[in-house]
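Starting from 1, each residue takes its place in the sequence as its number.
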Amino acid sequence: MQTKVCISVDTEFSIAGAFQDRALLPVAEQRVWCVVDHKSHGLGFMLGCFARHRITATFFVEALNRHYFTHDPMRDIAHHLFDEGHEVQLHVHPCWDVFQHHDWRERARTIQTPGIDDFYRRDEGESLRLIENGLQVFHDWKLPAPTVFRSASLQHDDALYRALARSGIPYSSNIGMAVFDSGDKRYCLYSGRHARHGVLECPILTFCDWKMPGKQHLKSLTITGSSFAETRMLLDQAHRAGIEQVVILTHPFEYVQNRDFTLRQMRRHALNQQRLNSLCKYLNNNRDRFHACGVATAASAPMHHNSSRNLLIQGSLLKTVPRMAEQFVYDKYSNWQLARH
Ligand SMILES: [Zn+2]
């Protein structure tokens with residue numbers, strides 16, 4: 001059996017501090033392409049890496065930002081991704097909804113529960129309205145209707161799944177337990193595929209990276225959070241355990257480093273670029289065991305008796321400690337480099 005590996009990329013623009021500071025404004029393309037010295041070190045780097053190693057990925061494209069960016073720059077990005085043969089699916093950040101109002105600065109300051117960008121504790125009808133707005137954007141872009149949904153910051157609750165079911169979207173990937181835990185045991189999902197209100201959830205793989213008596217530490221699988229050695233070990237373990245698919249989370253901006261919101265000072269993030277490249281190369285060289293594909297492809301496979309197992313893979317301290325050291329040294333070096341400019 002091959003384990004499907006779904007590299008999922010949340011592709012979004014940035015509020016860039018505009019809600020807090022009148023001097024700041026949202027940032028569009030540069031947050032995605034991340035151009036440094038005339039070269040795209042964000043999305044351009046990723047697409048090159050995927051093409052080189054023949055990887056199909058899933059791009060969860062944020063659709064509500066056109067309330068602010070009325071010239072709709074995400075449309076071209078979405079078409080570009082689609083033309084490159086990747087899955088283009090729906091990502092929604094509720095915070096962009098406020099830009100429909102001319103007094104958005106005042107509103108952004110006063111919105112409290114749910115938080116301006118939260119799906120958690122949002123009214124089911126309101127969540128449905130936001131999802132349907134997103135579907136309308138894909139329709140206007142003349143792209144195939146998305147079949148997988150990813151919520152802002154992996155926030156979710158039971159009402160969101162009811163809203164998704166009503167919207168007709170069959171699959172979701174809203175859960176990464178180390179990123180957001182709603183406290184609802186029904187949504188404590190580490191791996192596998194799980195039907196909730198008729199929507200099939202494919203969580204980002206969450207594993208235990210270390211534990212002591214009485215405490216276990218969880219981590220959701222991301223490029224920026226795990227070394228390649230750790231990711232490879234987890235993939236090998238997932239394959240041995242018969243886990244059908246592993247969903248990995250990343251963003252284009254993880255492949256550069258910034259000093260601040262304005263993105264004026266940026267440099268390539270060599271460590272994360274190396275990690276993605278090594279992962280893609282490994283998947284390409286081990287096609288007997290792994291199949292890199294989109295989330296909809298993985299989600300729509302026939303369900304088997306063990307598809308809804310919820311295994312928590314145990315990582316290894318032998319990988320966790322070197323990863324922490326690698327990260328620490330690289331961050332120190334990078335901050336020093338950025339400070340010099
Ligand atoms: Zn996002």
Assess the residue pair Ser308 and Met303 against the criterion (side-chain contact (heavy atoms from CB on, under 4.5 Å)); give the C-alpha distance rounded to whole Å, side-chain angles, the decisive distance to 0.1 Å, and a yes or no.
CA-CA 8 Å; Ser308 295; Met303 293 289 279; 3.5 Å; yes

Atom NE2 in His102, atom CZ in Arg107: separation rounded to 0.5 Å?
8.0 Å

Identify the heavy atoms of Leu90 and Gly134 that sit nearest to each other, and give their distance.
CD1-CA, 3.9 Å

Of all pairs that satisfy ring-ring contact (aromatic ring centres under 6.0 Å, His included), the ones with a partner from residues 25-44, not counting sequence neighbours
Trp33-His80

The single option from Phe99, Phe69, Phe253, Tyr68 that satisfies ring-ring contact (aromatic ring centres under 6.0 Å, His included) with Phe13 is Phe69

Should Ser40 and Phe45 count as side-chain neighbours, where that means a heavy-atom distance under 4.5 Å?
no

Which residues satisfy the side-chain contact (heavy atoms from CB on, under 4.5 Å) test with Ala298, sequence neighbours excluded?
Lys4, Cys6, Gln245, Cys293

Is a side-chain donor or acceptor of Ser167 paired with a backbone partner of Ile131 at a separation under 3.5 angstrom?
no

Sorted by first residue and then second, give each salt bridge (Lys or Arg N to Asp or Glu O under 4.0 Å) pair with at least one member in residues 156-181; sequence neighbours left out.
Glu124-Arg162, Glu124-Arg166, Asp158-Arg162, Asp158-Arg186

Note, Pro252 side chain near Val9 side chain (heavy atom, < 4.5 Å)
yes

With the side chain counted from C-beta on, respond yes when Met46 and Leu276 share a heavy-atom pair under 4.5 Å apart, and no when they do not.
yes

May I have the step-by-step check of side-chain contact (heavy atoms from CB on, under 4.5 Å) for Glu12 and His93, ending in yes or no?
CA-CA 9 Å; Glu12 60 205 13; His93 272 270; 3.1 Å; yes

Identify, with sequence neighbours excluded, every residue that meets ring-ring contact (aromatic ring centres under 6.0 Å, His included) alongside Phe60.
none

Exam field: side chain Glu244 to backbone Thr3, donor-acceptor pair closer than 3.5 Å:
no

First locate atom CG of Leu43, then atom OG1 of Thr11, and finally report the distance between them rounded to the nearest 0.5 Å.
6.5 Å

Under the 3.5 angstrom rule, does the side chain of Asp10 hit a backbone N or O of His251 as a donor-acceptor pair?
no

Tell me if the CZ atom of Arg121 is crowded by more than 12 foreign heavy atoms within 6.0 Å.
no

Sequence neighbours excluded, which residues qualify as side chain to side chain donor-acceptor pair (under 3.5 Å) partners of Arg240?
none

Under 3.5 Å: donor-acceptor pair, side chain of Glu132, backbone of Arg129:
no

Phe207: which residues meet the ring-ring contact (aromatic ring centres under 6.0 Å, His included) condition with it, sequence neighbours left out?
none

Interatomic distance, Leu279 atom CG to Gln274 atom CD [nearest 0.5 angstrom]
13.0 Å

Do the side chains of Phe149 and Gln89 get nearer than 4.5 Å, heavy atoms only?
no

Tell me the closest heavy-atom pair linking Ser172 and Asn174, and the distance in Å.
CB-ND2, 3.6 Å

Partners passing ring-ring contact (aromatic ring centres under 6.0 Å, His included) against His67 (at least two apart in sequence or in another chain):
none

Could you go step by step and tell me if Asp236 and Tyr282 meet the side-chain hydrogen bond (donor to acceptor under 3.5 Å, both in side chains) rule?
CA-CA 11 Å; Asp236 292 349; Tyr282 186 69; 2.7 Å; yes

Got a donor-acceptor contact below 3.5 angstrom from the His269 side chain to the Arg267 backbone?
no

Hey, are the side chains of Trp96 and Ile15 touching, using non-hydrogen atoms and a 4.5 Å cut-off?
yes

Exactly one of Asn272, Ile7, Thr224 clears side chain to side chain contact (heavy atoms under 4.5 Å, CB included) with Thr250, and that residue is Ile7

Under the criterion side-chain contact (heavy atoms from CB on, under 4.5 Å), I'd like the reasoning laid out for Lys215 against Trp210: C-alpha separation, chi angles, the key distance, then a yes or no.
CA-CA 9 Å; Lys215 166 133 183 83; Trp210 54 263; 4.0 Å; yes

Would you give the length of the straight line joining atom CG of Leu249 to atom CG of Leu205, rounded to the nearest 0.5 angstrom?
12.0 Å

Would you call Ile175 and Ile204 a side-chain contact if the rule is heavy atoms closer than 4.5 Å?
no

Measure the spacing between CH2 of Trp141 and CZ of Arg75 and express it to the nearest 0.5 Å.
8.5 Å

Nearest heavy-atom approach of Val247 to Arg150 is CG1-NH2, 3.8 Å

Using side-chain contact (heavy atoms from CB on, under 4.5 Å) as the criterion, list what pairs up with Pro144, not counting sequence neighbours.
Phe82

In terms of heavy-atom contacts, His194 and Pro203 come closest through CD2-CD, 4.2 Å

Quick check: do Leu64 and Leu130 have side-chain heavy atoms less than 4.5 Å from each other?
yes

Determine whether a donor-acceptor pair (N or O, by modelled atom type, separation under 3.5 Å) exists between the side chain of Ser226 and the backbone of Ile223.
no

Near-ring test Phe119/His156, centroid separation under 6.0 angstrom
no

Heavy-atom donor-acceptor pair, Gln2 side chain to Asp288 backbone, under 3.5 Å
no

Taking all non-hydrogen atoms of both residues into account, name the closest pair between Ala241 and Leu311 and its distance.
CB-CD1, 3.9 Å

Qualifying residues under ring-ring contact (aromatic ring centres under 6.0 Å, His included), relative to His86, sequence neighbours excluded:
Phe50, Phe59

Smallest heavy-atom separation, Asp21 atom then Arg105 atom, equals O-NH1, 3.7 Å

One should read off an interatomic distance between Gln155 CD and Arg122 CZ, to the nearest 0.5 angstrom, of 9.0 Å

Just to verify, what does His139 make a side-chain contact (heavy atoms from CB on, under 4.5 Å) with, not counting sequence neighbours?
Gln136

My understanding is that only residues two or more places apart in sequence, or in another chain, count here; which of them pass side-chain contact (heavy atoms from CB on, under 4.5 Å) with Leu312?
Tyr190, Cys208, Gln216, Leu218, Gln314

Any side-chain to backbone donor/acceptor pair from Ser307 onto His305? Under 3.5 Å, distance only.
no

Judged by atom type as modelled, is there a donor-acceptor pair below 3.5 Å linking the side chain of Glu62 to the main-chain atoms of Ser14?
no

Show your reasoning for whether side-chain contact (heavy atoms from CB on, under 4.5 Å) applies to Ile169 and Leu135.
CA-CA 9 Å; Ile169 295 182; Leu135 291 173; 3.9 Å; yes

4.5 Å side-chain heavy-atom contact, Leu143 and His79
yes

Between the side chain of Ser220 and the main-chain N/O of Ala178, is any donor-acceptor distance below 3.5 Å?
yes

For Arg22, which residues count as a salt bridge (Lys or Arg N to Asp or Glu O under 4.0 Å) partner, sequence neighbours excluded?
Glu106

